[in-house]
There are 2 protein chains.
Amino acid sequence: MAAEETSDGSPSETSEPSETSETSDEAPDRGPRERMVFSAAQLIRRGGVAATGMRDVAVHAQAPRGSLQHYFPGGKEQLVNEAVGWAGRYAGNRVARFLAALPEPTPAGLFAEMVRQWTDEYESTGFAAGCPVAAATVDCAESTASTRQAVAAAFTAWTGPVARALAGMGVPHERTEPLATLMISSLEGAILIARAEEDVRALTTVARELAPLLDAAVTVSRGPAGELPAKGAD
Amino acid sequence: MAAEETSDGSPSETSEPSETSETSDEAPDRGPRERMVFSAAQLIRRGGVAATGMRDVAVHAQAPRGSLQHYFPGGKEQLVNEAVGWAGRYAGNRVARFLAALPEPTPAGLFAEMVRQWTDEYESTGFAAGCPVAAATVDCAESTASTRQAVAAAFTAWTGPVARALAGMGVPHERTEPLATLMISSLEGAILIARAEEDVRALTTVARELAPLLDAAVTVSRGPAGELPAKGAD
DNA sequence: TAGCGCCTATGACAGCGGTCATAGTAGCCG
DNA sequence: CGGCTACTATGACCGCTGTCATAGGCGCTA
């Protein structure tokens with residue numbers, strides 16, 4: 001359960017196993033190293049960075065404590081940064097899957113899917129966890145420069161796919177990024193409120209209220225198959 | 001510098017000095033107790049709850065460390081809860097002042113003012129601090145039930161005035177609360193992104209993108225003086 | 001002056017958390 | 001077999017933090 005392609009265990013840099021855009025799915029137990037990054041993100045999601053101890057991460061990942069030193073010589077800071085990076089990539093990758101799940105891609109539909117991921121979790125497993133990127137921002141933005149940068153990169157890795165998806169739906173280029181920012185901002189804020197209230201009300205509210213604005217941004221009409229006129233082409 | 005009207009120093013409950021809706025302004029040095037609550041909020045804003053030590057609060061408030069035990073027998077939990085409560089009341093009270101500052105009250109104008117408070121701070125003093133309520137949510141929502149409730153109350157104390165302001169601008173009653181939630185969600189999320197990027201871009205973006213949707217919600221026309229037709233009256 | 005509240009002042013303590021140091025195991029190569 | 005590398009395993013250290021305990025000052029009433 002922990003062998004074979006652990007060749008990426010170079011404790012040097014944050015060198016991913018080359019293929020970054022793989023199916024970094026729910027619980028990647030590709031090896032103890034990834035398990036620890038994933039566990040760190042999970043624990044940060046719940047109690048924040050400061051409340052997440054290295055020993056806790058090792059226990060949660062069912063990994064030996066000594067391996068933390070081995071795989072993350074940069075200490076907690078490195079581990080947190082990689083957890084944040086993983087979360088950003090994860091969020092970005094999900095966008096494509098959301099699109100695939102939509103019968104007909106619309107901005108409001110995409111946003112509804114993004115929100116639904118959270119309402120589903122909260123209604124099934126409770127309000128214990130939030131967004132790890134938000135947690136890292138709150139806890140480390142001022143104290144740890146490298147983590148602040150990791151968080152910024154995570155937001156970029158999330159906003160990018162959303163903006164490209166909007167472009168693919170016919171949203172004019174100059175509005176894709178602003179709207180993506182608006183979507184993610186609203187979602188993050190609604191997650192906070194939902195956790196505080198232990199109620200998904202805020203999440204469903206932002207999805208409903210933002211829907212018309214998002215769909216109204218589609219100005220380029222699509223063909224019957226959903227394809228867009230190519231840039232510059234007729 | 002620490003005498004006279006410290007009659008509110010009852011270390012019992014969270015008994016405010018009767019007049020709650022006073023001008024709880026920037027730095028209320030009404031007494032050492034309020035100073036400590038205010039300082040706690042300030043420090044939580046920066047590094048989160050866990051990174052905020054009791055000793056740090058005392059130093060920041062220029063208050064004796066022993067007073068913490070005296071005024072907050074409930075320990076850190078009580079202090080954090082009161083800081084969150086203060087922040088919620090503060091945010092709620094500012095709404096009225098925003099309205100007064102607007103030449104002609106519109107939903108988008110109110111939101112722009114709410115956002116501007118943050119862009120002003122970030123552009124003048126830097127991106128060191130975020131929202132204390134968000135920080136408390138991230139750090140305590142799962143671990144400390146009382147703080148989670150305090151956070152929920154703070155959001156309510158903030159959403160309420162915003163919703164009432166919207167109602168006063170002609171937004172139909174069934175949309176005031178949803179729109180207030182949307183405004184606060186977007187703002188909170190944009191604060192996170194702004195801190196991460198050390199750029200006010202996200203803040204200005206949500207203000208700009210949300211503006212038409214907010215103003216479009218005004219359905220009841222106002223009279224020339226800005227007054228509304230009374231509920232049920234002609 | 002004594003007594004008694006409010007508040008202040010410190011020292012101690014117990015626990016925890018990140019990190020270092022050291023040593024042990026497993027597999028592979030020669 | 002020796003030696004090397006990758007990984008695991010623990011124990012210890014040091015600093016910090018929330019809290020408790022104890023005691024000191026201060027202002028009032030009697």
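Letters A, B, ... are given to chains in the order of the sequence lines, protein chains preceding strands, and every chain is numbered from 1.
When the shell of 6.0 Å around CD of B:E177 is examined, it contains 12 or fewer heavy atoms from other residues, nucleotides or ligands. Under a cut-off of 6.0 angstrom, the local environment of CD in A:E121 is crowded, with over 12 non-hydrogen atoms contributed by other residues, nucleotides or ligands. Within 6.0 Å of CZ in B:R46 there are more than 12 heavy atoms belonging to other residues, nucleotides or ligands.
With the end axes of the helix from C:dC7-D:dG24 to C:dG30-D:dC1 each set by five pairs, the angle from one to the other reads 10° at 10° resolution.
Taking only side-chain atoms of A:M54, from C-beta outward, the nucleotide of D:dC20, D:dG18, C:dT19 with the closest atom is C:dT19. Of the candidates D:dG18, C:dC7, D:dC7, C:dC7 carries the atom nearest the B:Y71 side chain, counting heavy atoms from C-beta on. Comparing D:dC7, D:dG18, C:dT19 against the side chain of B:K76 picks out D:dG18 as the nearest.
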- Where along nucleotides 23-28 of chain D does protein come under 4.0 Å, by heavy atom, of base (B) or sugar-phosphate alone (S), with - for untouched nucleotides? ------
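Put simply, CZ on A:R65 is 14 Å from P on C:dC16, counting in whole angstrom units. Atom C1' of nucleotide C:dG17 and atom CD of A:Q69 are separated by 12 Å, given to the nearest angstrom. Computed from coordinates, the A:R33 CZ to D:dA6 P distance equals 14 Å when rounded to whole Å.
The stretch residues 55-64 of chain A touches DNA chain D through A:R55, A:P64, each having a heavy atom under 4.0 angstrom from the strand.
Side-chain atoms of A:M36 and A:F72, non-hydrogen and from C-beta on, do get closer than 4.5 Å to each other.
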- Message: Between A:E113 and A:Q117, does the side-chain hydrogen bond (donor to acceptor under 3.5 Å, both in side chains) criterion hold? Intermediate values first, please.
- Response: CA-CA 6 Å; A:E113 283 298 308; A:Q117 180 186 9; over 6 Å; no
